[in-house]
Amino acid sequence: MGLMRADRLLSLLLLLQNRGRLTAPELAAELEVSVRTVYRDVEALAASGVPVYADRGPAGGYRLLDGYRTRLTGLTDAEADSLFLAGIPGPAGELGLGAELAAAQLKLRAALPAPLGARAARVAERFHLDAHGWFRETESVPRLATVAQAVWDQRVLIVDYRGWHRSGERELCPLGLVLKGGIWYLLATRGRPDDEPRTYRVSRLDTVRLAEATFERPAGFDLGAHWAESTRRLAEARFRHRATLRISPRGAKLLTMFFGAAGAEALAGAEPATPDGWLRVELPVETEVIAVGDLLRLGIEAEVLAPASLRAAVAGTVRELAHRYAAPDAGRPGAEEGERAVAPPPPTP
């Protein structure tokens, strides 16, 4: 019996054990085979001594003898790896582990006593993790599976990377992958002694090629600890400046929405509200150019008080916007100064 068919027979057996009675079309859909193949596989299971029975009639299907449970639940290496991603099937599929994850979950549930198996089923019904951010298209990462293979096998990667400052081909020693806010990042070194791991956005890898060479991971390297430290350093490097703001009650709600942890920190240290409900806060910000755009998202719900240069930059941008929008709509025939612009109707399909 081929290895592929043996795996399929085991999956069929575990499906019947975990779900009870299933029809041939249902089994065919789960296993991604034809109904005729299901018939042959069921016969093979019965011939090998598995007590599988066929119930006739409209409510019929295949089922195992009551009380029968298999203990054939050994996990492959890939399936064991995929268990760490059991709560995030989407990313597991991106890594090329979707099938392994499904098989591992079947084997795991089959190995559990009935009460724990039922509890695991309830968890799957009631909790779901969506790792992607709101209002943003999921990044295309067609080379992620190849990168993941290099991480598993400790193989050198030859990549063409589009960086912010320079691009080009380079050799990387991939140490790990991190999913942050729906975006995949690769942590890798250049293979030099005492080389500090750097972070690469996987979607910016234009080409990826596995080299024959392997590499040794740095002794004691901890992916989670390194990522936590690097994100802390990044936050410190980004938010080197502070802005003093007056914000309205609505602006206080927008602050955490737009600025996340930095906005929450600012609100925690806010001075008592004035009688009109406005707060005075100190908000960590990036460079002046970036801060102007970020703070304008708050609109009329905030006023920059300091530093003076940032207040002047925001005021200058607002004046330019006011001048631009105060001009008549010269591009629309028949428009007169002061006439309220009305959006044209959508084109007829």
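Within 6.0 Å of CZ on Arg217 lie more than 12 heavy atoms contributed by other residues, nucleotides or ligands. Atom CZ of Arg232 has more than 12 neighbouring heavy atoms from other residues, nucleotides or ligands inside a 6.0 Å radius.
Trp227 and Lys180 get closest at one heavy-atom pair: CZ2-CB, 4.0 Å. Pairing each heavy atom of Ala266 with each of Leu255, the nearest pair is CB-CD2, 4.1 Å. Nearest heavy atom pair, residue Ala188 against residue Pro174, reads CB-CA, 3.8 Å. Across all non-hydrogen atoms, the minimal contact from Gly251 to Leu298 is O-CD2, 4.3 Å. Residues Ala211 and Ile158 share a closest heavy-atom pair of CB-CD1, 4.1 Å. Taking each heavy atom of Tyr62 and Ala54 in turn, the nearest pair found is CE2-CB, 3.7 Å.
The side-chain heavy atoms of Phe259 and Pro284, taken from C-beta on, include no pair separated by under 4.5 Å. Within the 4.5 Å cutoff, side-chain heavy atoms of Ile247 are placed close to those of Val281. Side-chain contact between Met257 and Arg297: absent, with no pair of heavy atoms (C-beta onward) separated by less than 4.5 Å. Inter-residue side-chain proximity for Tyr200 and Arg170 is flagged as met; some heavy-atom pair is nearer than 4.5 Å. Counting only heavy atoms from C-beta outward, the side chains of Leu64 and Leu13 approach each other to under 4.5 Å. Side chains of Arg190 and Leu172 form a contact here, defined as non-hydrogen atoms less than 4.5 Å apart. A heavy-atom distance below 4.5 Å is found between the side chains of Leu283 and Leu295. Put simply, the side chain of Leu31 does not reach to within 4.5 Å of the side chain of Thr37, judged on heavy atoms.
To the nearest 0.5 Å, atoms CG (Asp206) and CZ (Arg162) are separated by 4.5 Å. Within the model, atoms CZ of Arg204 and CG of Leu186 stand 13.0 Å from one another, a figure rounded to the nearest 0.5 Å. In this structure, the separation between CG on Leu234 and CD on Glu229 is 11.5 Å, given to the nearest 0.5 Å. Atom CZ of Arg155 is separated from atom CD of Glu212 by 5.5 Å, given to the nearest 0.5 angstrom. Considering CZ of Arg8 and CG of Asp41, their distance stands at 4.0 Å, rounded to 0.5 Å. Note that CG of Leu223 is 8.0 Å distant from CG of Leu175, once rounded to the nearest 0.5 Å.
Put simply, Leu305 and Leu254 are part of two different groups of oily side chains (I, L, V, M, F, W, Y) that touch within less than 4.5 Å, one to the next. By the criterion of side-chain heavy atoms lying less than 4.5 angstrom apart, applied directly or through intervening Ile, Leu, Val, Met, Phe, Trp or Tyr residues, Leu45 is grouped together with Leu22 in one hydrophobic cluster. Val156 and Phe221 fall within the same hydrophobic cluster, defined by Ile, Leu, Val, Met, Phe, Trp and Tyr side-chain heavy atoms under 4.5 Å apart, directly or through other members. The hydrophobic cluster containing Leu27 also contains Val35, counting ILVMFWY residues as joined when their side-chain heavy atoms lie under 4.5 angstrom apart, directly or transitively. By the rule that hydrophobic residues join a cluster once side-chain heavy atoms approach within less than 4.5 Å of another member, Leu279 and Phe258 end up as members of one cluster.
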Handout entry: Verdict with supporting geometry, Glu301 and Ser248, side-chain hydrogen bond (donor to acceptor under 3.5 Å, both in side chains)
Key = CA-CA 5 Å; Glu301 308 300 334; Ser248 69; 2.4 Å; yes
Practice task
Give the C-alpha distance, both sets of side-chain angles, the deciding distance and a yes or no for side chain to side chain contact (heavy atoms under 4.5 Å, CB included) between Glu196 and His226.
Solution key: CA-CA 10 Å; Glu196 181 73 12; His226 179 85; 3.4 Å; yes
Exercise for the section: Show your working on side chain to side chain contact (heavy atoms under 4.5 Å, CB included) between Asp153 and Thr214 and close with a plain yes or no. Expected result: CA-CA 8 Å; Asp153 299 339; Thr214 60; over 6 Å; no
Handout entry: From CA spacing to verdict: side chain to side chain contact (heavy atoms under 4.5 Å, CB included), Val141, Ile183
Key = CA-CA 9 Å; Val141 282; Ile183 299 174; over 6 Å; no
Practice task
For the pair Val151 and Leu157, evaluate side chain to side chain contact (heavy atoms under 4.5 Å, CB included) and give the outcome as yes or no after the intermediate values.
Solution key: CA-CA 9 Å; Val151 172; Leu157 271 178; over 6 Å; no
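In this structure, Glu286 contributes its side chain and Ala291 its backbone to no donor-acceptor pair below 3.5 Å. Of the possible polar contacts, none joining the Tyr185 side chain to the Gly176 backbone as a donor-acceptor pair under 3.5 Å is found.
The residues Glu43 and Arg40 are annotated as not salt-bridged, no charged nitrogen and carboxylate oxygen being separated by less than 4.0 angstrom. Between Arg19 and Glu30, at least one side-chain nitrogen of the basic residue sits less than 4.0 Å from a carboxylate oxygen of the acidic one, meeting the salt-bridge criterion.
Residue Arg311 is tested with Val304, Thr244, Leu245 for a side chain to side chain contact (heavy atoms under 4.5 Å, CB included); the sole match is Val304.
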